[in-house]
Participant: 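Below is one structure. I have some questions about it.
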Amino acid sequence: MLQSFPKVAQNPPSSVAELLERAQDLVGFSFAELAAIAQVQVPSSLRNAKGWTGQLLELFLGASAGSKAEQDFPELGVELKTIPVNLAAMPLETTYVCIAPLLGLNGVSWEHSNVRNKLSQVLWIPIDGRREIPVAERTVGLPLLWQPNEAQEQQLRRDWEEITEAIILGQVESITARMGSALQLRPKAANSKALTAAYGASGEPIQTLPRGFYLKKEFTRTILCEGLGLGK
DNA sequence: CTGTGATCATTA
DNA sequence: TAATGATCACAG
């Protein structure tokens, strides 16, 4: 099969097929190679460049830049997630999904939740992210376009409902990352001093750390292994 | 400050 | 040593 050389996208993909084509063209390339093409520097460490990998791939796939609270490819209904894995395809990190609203949740249903919207269709791009490999030498893996199956959808729904219920009841501060089987709630802020409004235990307004929804590693591992036919 | 992209680093 | 809670950079 003919392999086109990857290049920085000048426009968003016009179809899912085109998006997948672009992703396919990146397979096997190292970050050093891609960074050279995109004319950006490879950080020696991701310590001060935590989102670098995801943003590098966005350049090649043509994702609309910015920090809008919507999918990366709104016209295609696709969300992009780069996920560092080891040789066993085990995710090395949890996956950030979206900010968790702490107010105005009355009447919000799973069907209309941001979590469901973001996860309705995801283009997963695994990265060989082994820590012992220099960032420049890490490579892009096989892309996987995923939609939650019935069981996964219900699992996510149960977690979301449990967590959301706790938020509504003013228990945000007692929710730990242990709650939920696939989805978890964790801090998502510039630092521990950032504050946002939420409900207190008596329904009174309080200020608390902003939270975000994340996918636990094991859930993501199952997606990748089933989707890529790697067995379990 | 909120939301995007996430990984770091301390602790259990 | 894995997971939780904390943090980094940047756009708007």
Side-chain angles (χ1 to χ4, degrees), chain A residues 9 12 23 26 31 34-35 38 40-74 78-86 88 90-105 113-115 117-119 122-136 138 140-141 159 163 166 172-198 205-221:
Chain A
L26 301 179
F31 291 166
L34 296 181
V40 299
Q41 291 292 308
V42 180
S44 54
S45 161
L46 295 181
R47 178 174 183 174
N48 294 315
K50 297 183 179 182
W52 186 81
T53 305
Q55 288 166 351
L56 176 67
L57 295 198
E58 285 184 351
L59 290 178
F60 287 89
L61 298 176
S64 40
S67 53
K68 291 167 298 207
E70 55 177 15
Q71 291 156 316
D72 295 294
F73 302 97
V78 175
E79 171 73 10
L80 170 69
K81 289 295 175 194
T82 64
I83 177 75
V85 298
N86 62 19
M90 170 59 82
L92 300 178
E93 296 291 344
T94 53
T95 304
Y96 170 67
V97 179
C98 61
I99 276 289
L102 302 181
L103 293 175
L105 283 164
S113 70
N114 207 220
V115 172
N117 178 246
K118 289 266 184 156
L119 297 181
V122 178
L123 177 63
W124 295 97
I125 300 192
I127 296 302
D128 178 352
R130 287 174 291 162
R131 301 289 159 75
E132 60 268 33
I133 298 180
V135 176
R138 295 179 190 176
V140 179
D159 288 348
I163 292 168
V172 210
E173 301 191 307
S174 57
I175 298 175
T176 74
R178 296 167 189 83
M179 182 180 279
S181 58
L183 204 61
Q184 64 180 182
L185 192 75
R186 303 220 313 276
K188 171 63 174 170
N191 56 60
S192 60
K193 292 170 191 121
L195 291 175
T196 193
I206 63 170
Q207 289 293 114
T208 191
L209 201 51
R211 313 297 161 103
F213 284 107
Y214 297 78
L215 294 180
K216 295 186 174 185
K217 290 183 195 177
E218 176 56 28
F219 185 75
T220 306
R221 185 195 69 80

Participant: Could you state the atom-to-atom distance from CD of A:E93 to C1' of C:dG5 in whole Å?
Facilitator: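 In whole Å, C:dG5 C1' lies 13 Å from A:E93 CD.
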Participant: Could you give the CG-to-P distance, from A:L185 to C:dG5, as a whole number of Å?
Facilitator: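 Atom-to-atom, A:L185 to C:dG5, this comes out as 10 Å.
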Participant: Judged by each residue's nearest nucleotide on DNA chain C, which is more toward the 5′ side, A:K216 or A:K193?
Facilitator: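 It is A:K216, whose closest nucleotide lies nearer the 5' terminus.
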Participant: Does A:K188 make a side-chain N or O approach to OP1 or OP2 of B:dG3 shorter than 4.0 Å?
Facilitator: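 It does not, given that no N or O in the side chain of A:K188 lies less than 4.0 Å from OP1 or OP2 of B:dG3.
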Participant: Counting only side-chain N and O atoms of A:S192, is one of them less than 4.0 Å from OP1 or OP2 of C:dG5?
Facilitator: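 It does not, given that no N or O in the side chain of A:S192 lies less than 4.0 Å from OP1 or OP2 of C:dG5.
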Participant: Of the options B:dG3, C:dA6, C:dG5, whose atoms approach the side-chain atoms of A:I99 most closely?
Facilitator: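 Given the options B:dG3, C:dA6, C:dG5, the side chain of A:I99 is closest to B:dG3.
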Participant: Specify the closest pair of heavy atoms between A:A197 and A:L103, including all atoms of both residues, with the distance to one decimal.
Facilitator: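 Shortest heavy-atom separation between A:A197 and A:L103 comes out as CB-CD1, 3.6 Å.
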Participant: So which atom in A:V140 and which in A:I125 form the shortest heavy-atom distance, rounded to 0.1 Å?
Facilitator: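 Smallest interatomic distance, heavy atoms only, reads CG1-CG2, 3.6 Å.
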Participant: Quick one: is A:T82 getting a side-chain N or O under 4.0 Å of the B:dA6 phosphate, OP1 or OP2?
Facilitator: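 For A:T82, the contact criterion (side-chain N or O under 4.0 Å from OP1 or OP2 of B:dA6) is met.
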Participant: Send over the distance from A:K50 NZ to B:dA6 C1', rounded to a whole Å.
Facilitator: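 One finds 8 Å between C1' of B:dA6 and NZ of A:K50, rounded.
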Participant: Report yes if a side-chain nitrogen or oxygen of A:Y96 is closer than 4.0 Å to either non-bridging phosphate oxygen (OP1 or OP2) of B:dG5; otherwise report no.
Facilitator: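 Answer no for this pair, as no side-chain N or O of A:Y96 is under 4.0 Å from OP1 or OP2.
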Participant: Please name the pair of heavy atoms, one in A:T82 and one in A:G54, separated by the smallest distance, quoted to 0.1 Å.
Facilitator: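 The answer is OG1-CA, 3.8 Å.
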Participant: Quick one: which of B:dT4, B:dC8, B:dT7 gets closest to the side chain of A:K118?
Facilitator: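 The closest nucleotide is B:dT4.
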Participant: Rounded to whole angstroms, how far apart are CG on A:N114 and C1' on B:dT4?
Facilitator: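 Atom CG in A:N114 sits about 12 Å away from atom C1' in B:dT4.
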Participant: Under 4.0 Å from OP1 or OP2 of C:dA9: is there any side-chain N or O of A:N48 that close?
Facilitator: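 Yes, within the criterion.
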Participant: Hey, does A:L209 reach any base, or is it just sugar-phosphate, or nothing, if we go heavy atoms under 4.0 Å?
Facilitator: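 Sugar-phosphate contact only - A:L209 comes under 4.0 Å of backbone atoms but never of a base.
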Participant: Side chain of A:T196, heavy atoms from C-beta onward: which of B:dG5, C:dG5, B:dT2 has the nearest atom to it?
Facilitator: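 Closest nucleotide among those given: B:dT2.
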Participant: Let me know the distance between CZ of A:F31 and P of B:dT7, rounded to the nearest Å.
Facilitator: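 Rounding to the nearest Å, CZ of A:F31 and P of B:dT7 are 9 Å apart.
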Participant: With respect to the side chain of A:R131, which nucleotide from C:dT7, B:dC8, C:dT4 is positioned closest?
Facilitator: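 Out of C:dT7, B:dC8, C:dT4, the nucleotide with an atom closest to A:R131's side chain is B:dC8.
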Participant: Report which part of the nucleic acid A:A177 touches: base, sugar-phosphate, or nothing (heavy-atom distance under 4.0 Å, all strands).
Facilitator: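 The answer is sugar-phosphate, as A:A177 gets under 4.0 Å only of primed atoms, P, OP1 or OP2.
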Participant: Using a heavy-atom cut-off of 4.0 Å across all strands, would you classify A:R47 as base, sugar-phosphate, or nothing?
Facilitator: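 Contact class for A:R47: sugar-phosphate only.
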Participant: Given C:dT4, is OP1 or OP2 found less than 4.0 Å from the side-chain N or O atoms of A:Q184?
Facilitator: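 For C:dT4, OP1/OP2 do have a side-chain N/O of A:Q184 under 4.0 Å.
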Participant: Just call it for A:G54: base, sugar-phosphate, or nothing, with non-hydrogen atoms closer than 4.0 Å on any strand.
Facilitator: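 Answer is sugar-phosphate: A:G54 comes under 4.0 Å of backbone atoms only.
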Participant: Among B:dT4, B:dT2, C:dA6, find the nucleotide with the atom closest to the side chain of A:Y214.
Facilitator: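 Among B:dT4, B:dT2, C:dA6, the one nearest the side chain of A:Y214 is C:dA6.
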Participant: Look at the side-chain N and O atoms of A:R211 and state whether any lies under 4.0 Å from the OP1 or OP2 oxygen of C:dG5.
Facilitator: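 Indeed not, no polar side-chain atom of A:R211 lies that close.
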Participant: Rounded to whole Å, how long is the line connecting atom CH2 of A:W124 with atom P of B:dA6?
Facilitator: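 Interatomic distance, CH2 of A:W124 to P of B:dA6: 10 Å.
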Participant: Nearest heavy atom decides the nucleotide; on that basis, is A:R178 or A:D72 closer to the 5' end of DNA chain B?
Facilitator: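 Nearest-nucleotide comparison on DNA chain B picks A:D72.
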Participant: How long is the line joining CD of A:Q71 and C1' of B:dG3, in whole Å?
Facilitator: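 Answer to the nearest Å: 15 Å.
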Participant: Look at all strands and tell whether A:Q207 reaches a base, only sugar-phosphate, or nothing, counting heavy atoms closer than 4.0 Å.
Facilitator: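 No contact.
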Participant: Would you kindly give the CZ-to-P distance between A:F73 and B:dT4, to the nearest whole Å?
Facilitator: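 It is 15 Å, rounded to the nearest whole Å.
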Participant: Does OP1 or OP2 of B:dG5 have a side-chain N or O of A:K81 closer than 4.0 Å?
Facilitator: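 Yes, because at least one side-chain N or O of A:K81 sits under 4.0 Å from OP1 or OP2 of B:dG5.
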Participant: Could you report the tightest heavy-atom contact between A:T208 and A:A198, atom names first, then the distance?
Facilitator: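 Closest heavy-atom pair between A:T208 and A:A198: CG2-CB, 3.6 Å.
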Participant: Closest approach of A:N86 and A:R130, non-hydrogen atoms and distance?
Facilitator: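 For A:N86 versus A:R130, the nearest heavy atoms are CA-CG, 4.0 Å.
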Participant: Without hydrogens or angle criteria, can the side chains of A:R186 and A:T94 be said to hold a donor-acceptor pair below 3.5 Å?
Facilitator: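 The criterion, which ignores hydrogens and geometry beyond distance, is satisfied for A:T94 and A:R186.
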Participant: Among A:E173, A:Q184, A:K188, whose side-chain contact (heavy atoms from CB on, under 4.5 Å) with A:R211 holds?
Facilitator: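 When side-chain contact (heavy atoms from CB on, under 4.5 Å) is applied between A:R211 and each of A:E173, A:Q184, A:K188, only A:E173 qualifies.
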